[in-house]
Amino acid sequence: MTVDLAAAGAFLAAHGRLLDRRRFELLTGAGDADAVVAAVDGYRNPDGGYGWGLEPDLRSATSQPGGALHALEAFADLAPVATPRAAQVCDWLASVSLPDGGVPFALPVPDPAACAPFWVQADAATSSLQLTGVIAATAYRVPGLDPATTPWLARATAYCLDAIRELDASVHAMELAFAVQFLDAAGRSVPEAADLVDRVRPWIPADGLLHVAGGAEGEFMRPLDFAPFPGGPARALFAPSVVEAELDRLAAGQQDDGGWTVDFDSYSPAAALEWRGHATVRALVLLRANGRL
């Protein structure tokens, strides 16, 4: 499949957040790292965390783990350039981590307007493997962050490894996918993480499709949700033909307006459009990383 980068750029110009436009510019060689960091800074709070709808369905101004995830996602785009903001958000994550080393799904939300109920109703006193796993997985891709020099990532890694050892077949599809993302990212340098991939193998079908219980009717975790990037141990969960077919599907997902869509529900008109911009950049990041751009 052929991706139309010009059409993607036009979609983002018409509908995308400044952050997604800056990420697209960097991806296509027309932008620079400083512009991406400046766009992320628009969501930054004085405490070093990120809010203000950086997670589209969490419109709260407060600093949240979900905001930290999206900030680190943008900082990963900068590779090989590092930004001090990455270590600073990890310091913020350390400040809100619970004694076991995990972060809660969300912190209290005092301004819940247009926020998804699962954010507002989250238990702030319990660590979430789902959130800790995907944040840590993303942190492993950020230049300058590793457990040896980033205390938060070292503690989060230990928490995730312990939590994954305790999982059973009843695990929710999203929690499983993000746990495997963590194993895939950490497993490139942490042998214990690579070893745990085989433990979760029985719960992942050969086609990589797991319906998201409680989500939209057509919402699934798919192979690229488990192992989005080549070269990690989680790719061994799928036959190469499955991954190639999924990349074909991702490339074919570009719509007539140039953007990509998502298969999950949004909780405000703003979030629905912002998710499309995010999905467009994510699709291009994955296609490039997998040799399709």
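For the numbers below, each heavy atom of this structure counts, side chains included, while hydrogens, waters and symmetry mates do not. All residue numbers in this chain count up from 1 along the given sequence.
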Applying a strict under-4.5 Å side-chain criterion to I, L, V, M, F, W and Y, I'd like to know whether M174 and F220 cluster together. no
Taking the six-membered ring for Trp, are Y267 and W119 ring centroids under 6.0 Å apart? no
Would you call E274-R59 a salt bridge at under 4.0 Å N-O? yes
For a quick test of reading the model, state the closest non-hydrogen atom pair linking D198 to P202 and the distance between them. O-CD, 3.6 Å
Is any side-chain heavy atom of V262 closer than 4.5 Å to a side-chain heavy atom of R276? no
CH2 on W52 to OG1 on T62, rounded to 0.5 Å: 9.5 Å
Can you hop from W275 to L284 via hydrophobic side chains spaced under 4.5 Å? no
Exactly one of R21, R22, R23 should register a salt bridge (Lys or Arg N to Asp or Glu O under 4.0 Å) with E25. Which one does? R22
Please step through side chain to side chain donor-acceptor pair (under 3.5 Å) for the pair S128 and Q130, ending with a clear verdict. CA-CA 5 Å; S128 166; Q130 181 174 325; 5.5 Å; no
Can you name the nearest heavy-atom pair linking L209 to P223, along with the distance? CD2-CD, 4.2 Å
Transitive ILVMFWY side-chain link L273 to F24, under 4.5 Å: no
Closest non-hydrogen atom pair, L54 against G67: CD2-O, 3.3 Å
With heavy-atom distances below 4.5 Å as the criterion, would you say the side chains of P147 and Y140 are in contact? yes
For E73, which of R282, H278, R141 qualifies under side chain to side chain donor-acceptor pair (under 3.5 Å)? H278
Shortest non-hydrogen contact between A136 and F182, atoms and distance: CB-CD1, 3.9 Å
Search all heavy atoms of V89 against all heavy atoms of L72 and return the closest pair with its distance. CG1-CD2, 3.5 Å
Please determine if R222 and D225 form a salt bridge, counting it only when a charged side-chain N lies under 4.0 Å from a carboxylate O. no
Quick check: is L98 connected to L153 through a chain of hydrophobic side chains (ILVMFWY, heavy atoms under 4.5 Å apart)? no
Please determine whether residues F11 and L18 belong to a single hydrophobic cluster, defined as Ile, Leu, Val, Met, Phe, Trp and Tyr linked transitively by side-chain heavy-atom distances below 4.5 Å. no
Roughly how far, to the nearest 0.5 Å, is NE2 of H15 from CG of D20? 13.0 Å
From Q254 atom CD to T280 atom OG1, the distance as rounded to the nearest 0.5 Å: 8.0 Å
Out of V96, N45, L58, which residue meets the side chain to side chain contact (heavy atoms under 4.5 Å, CB included) rule with Q64? L58
Shortest non-hydrogen contact from M221 to A177? SD-CB, 3.5 Å
Side chains of R85 and V40: closer than 4.5 Å at any heavy-atom pair? no
Cut-off 3.5 Å, side chains only: do Q88 and R44 have a donor facing an acceptor? yes
